[in-house]
Amino acid sequence: MNTLILTDFSDTATHAGKYAIDLFQDATVNFYLLNIQNLNSTEALVPSPILGLNQNPKDQIQKQYGELKQYAKQPGHSFYTILSNENLVNATRKYMLEKKIDLIVMGTSSADFSNTSILGNRTREIIQKIKCSVLMVSERSKFKMPKKFVLPVDTTINTENSIPDFLRSKIFNAQTNITIVEIGMPLDRIRKSLSIKKKFGFSESSSQCNFLEFKQTINLSDGLLKEIQENYNMVIILGKNLSICKKLVESYDGKWSAKNNNLPVLVLH
């Protein structure tokens, strides 16, 4: 498995890298640390002056490389560094293809968000323009091997794309429980719910896969957000269902970000 970690050398990026290491602790993984050094671009992944903007980027990425490598300790984990002067999207796409990347990992920090989103502009651009699964790790996320996932699905949207093999083989297991939150018309819901359930490897009668139905105008109440935080380990969003972000991840009034989100979000392409 090949994983690309987008880094600005910050503690948030290091935290995201450590989360990915823990998540795939039993797998053989090549971790590539990518930093964008195009200082003339607003897309550059460079730290603030407080974090050492004037320091040599080679020294910074080697320092982060050493910290993650020491943290891993698994013989099946290998680490590599990449510095690029291209813009964020082009560089990410280039190395995704060159290194045959299965998953992109990004740290999300509240300092980078608008007041109505837990997703920074750079993260949003990556998940919209790069056809690769993306794991977004909140700076507040505390690692716990995920066993309970929540998957919001708009059943009016075609979700025929396949589920990446790494998800089925490296995360889901006999203890996994997934709750599909359905949004859409009942006729579509019945047909596509079974399709989604099968896609994740569950039988129609499996008790590991549950369904909840919400109306199209889902109400992101304080109670619902608190329940999600307390009862699930990770949010999964299918790539073609990115509009779901506006109903669950990006609330209309910014409640999600205001409630100190600590759940990682995995977007599957």
Could you walk me through whether F143 and Q25 satisfy the side chain to side chain contact (heavy atoms under 4.5 Å, CB included) test, starting with their C-alpha distance in whole Å, then the side-chain angles of each, then the deciding distance to 0.1 Å, before giving a yes or no?
CA-CA 12 Å; F143 180 78; Q25 57 189 255; 4.0 Å; yes
Yes or no on side chain to side chain contact (heavy atoms under 4.5 Å, CB included) for V105 and T3, after CA distance, side-chain angles and deciding distance?
CA-CA 7 Å; V105 176; T3 298; 3.5 Å; yes
Test side chain to side chain donor-acceptor pair (under 3.5 Å) on Q64 and T7; report intermediate values, then the result.
CA-CA 9 Å; Q64 192 168 55; T7 179; 2.4 Å; yes
Quick one, M1 with L103, criterion side chain to side chain contact (heavy atoms under 4.5 Å, CB included). Give me CA distance, side-chain angles, the key distance, then yes/no.
CA-CA 8 Å; M1 177 177 173; L103 178 69; 4.0 Å; yes
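Side-chain N/O atoms of T179 and Y232 include a donor and acceptor closer than 3.5 Å.
Put simply, NZ on K99 and OH on Y80 are 9.0 Å apart, with the number rounded to the nearest 0.5 Å. Taking CD of Q62 as the start and CG of D59 as the end, the distance is 8.0 Å to the nearest 0.5 Å. Going from atom OG1 of T81 over to atom CZ of F31 covers 15.0 Å, rounded to the nearest 0.5 Å. Here the OG1 atom belonging to T176 is positioned 5.5 Å from the CZ atom belonging to F149, to the nearest 0.5 angstrom. Rounding to the nearest 0.5 Å gives a distance of 13.0 Å between CG of N56 and NZ of K63. Rounded to the nearest 0.5 Å, atoms CD1 (I5) and CG (L68) are 5.5 Å apart.
I130 places a side-chain heavy atom less than 4.5 Å from the side chain of I104. Side-chain atoms of D22 and M145, non-hydrogen and from C-beta on, never get closer than 4.5 Å to each other. Considering only heavy atoms from C-beta on, M136 stays 4.5 Å or farther from L266 through its side chain. By the 4.5 Å heavy-atom criterion applied to side chains, L88 and I126 are counted as neighbours. Counting only heavy atoms from C-beta outward, the side chains of L268 and I237 never approach each other to under 4.5 Å. Using a 4.5 Å heavy-atom cutoff, the side chains of T92 and L34 are in contact. Using a 4.5 Å heavy-atom threshold, the side chains of S138 and T12 count as separate. The side-chain heavy atoms of Y19 and L135, taken from C-beta on, include a pair separated by under 4.5 Å.
Put simply, the residue from K94, Q128, K129 that forms a side chain to side chain contact (heavy atoms under 4.5 Å, CB included) with V89 is K129.
Between the D102 side chain and the N2 main chain, a donor and an acceptor come within less than 3.5 Å of each other. At distances below 3.5 Å, not a single donor-acceptor pair connects side-chain atoms of H77 with backbone N or O atoms of D26. Judged purely by atom type and a 3.5 angstrom limit, H15 uses its side chain to pair as donor or acceptor with the backbone of S141. In this structure, the side chain of N30 does not engage the main chain of S78 through any donor-acceptor pair within 3.5 Å.
Between M234 and L263, the closest heavy-atom pair is N-CD2, 4.4 Å. Scanning both residues, C132 and H269, for their nearest heavy atoms gives O-CD2, 3.1 Å. N233 and P264 get closest at one heavy-atom pair: O-CD, 3.4 Å. A pairwise comparison of heavy atoms in I61 and N35 identifies CD1-CB, 4.2 Å as the closest pair.
In Q70, the CD atom is not crowded: 12 or fewer heavy atoms of neighbouring residues, nucleotides or ligands sit closer than 6.0 Å.
Taking the six-membered ring for Trp and thresholds of 30 and 60 degrees, F79 and Y65 have ring planes more than 60 degrees apart, a perpendicular arrangement.
A cation-pi contact links K18 to Y71, judged by a cut-off of 6.0 Å to the six-membered ring centre and 45° from its axis.
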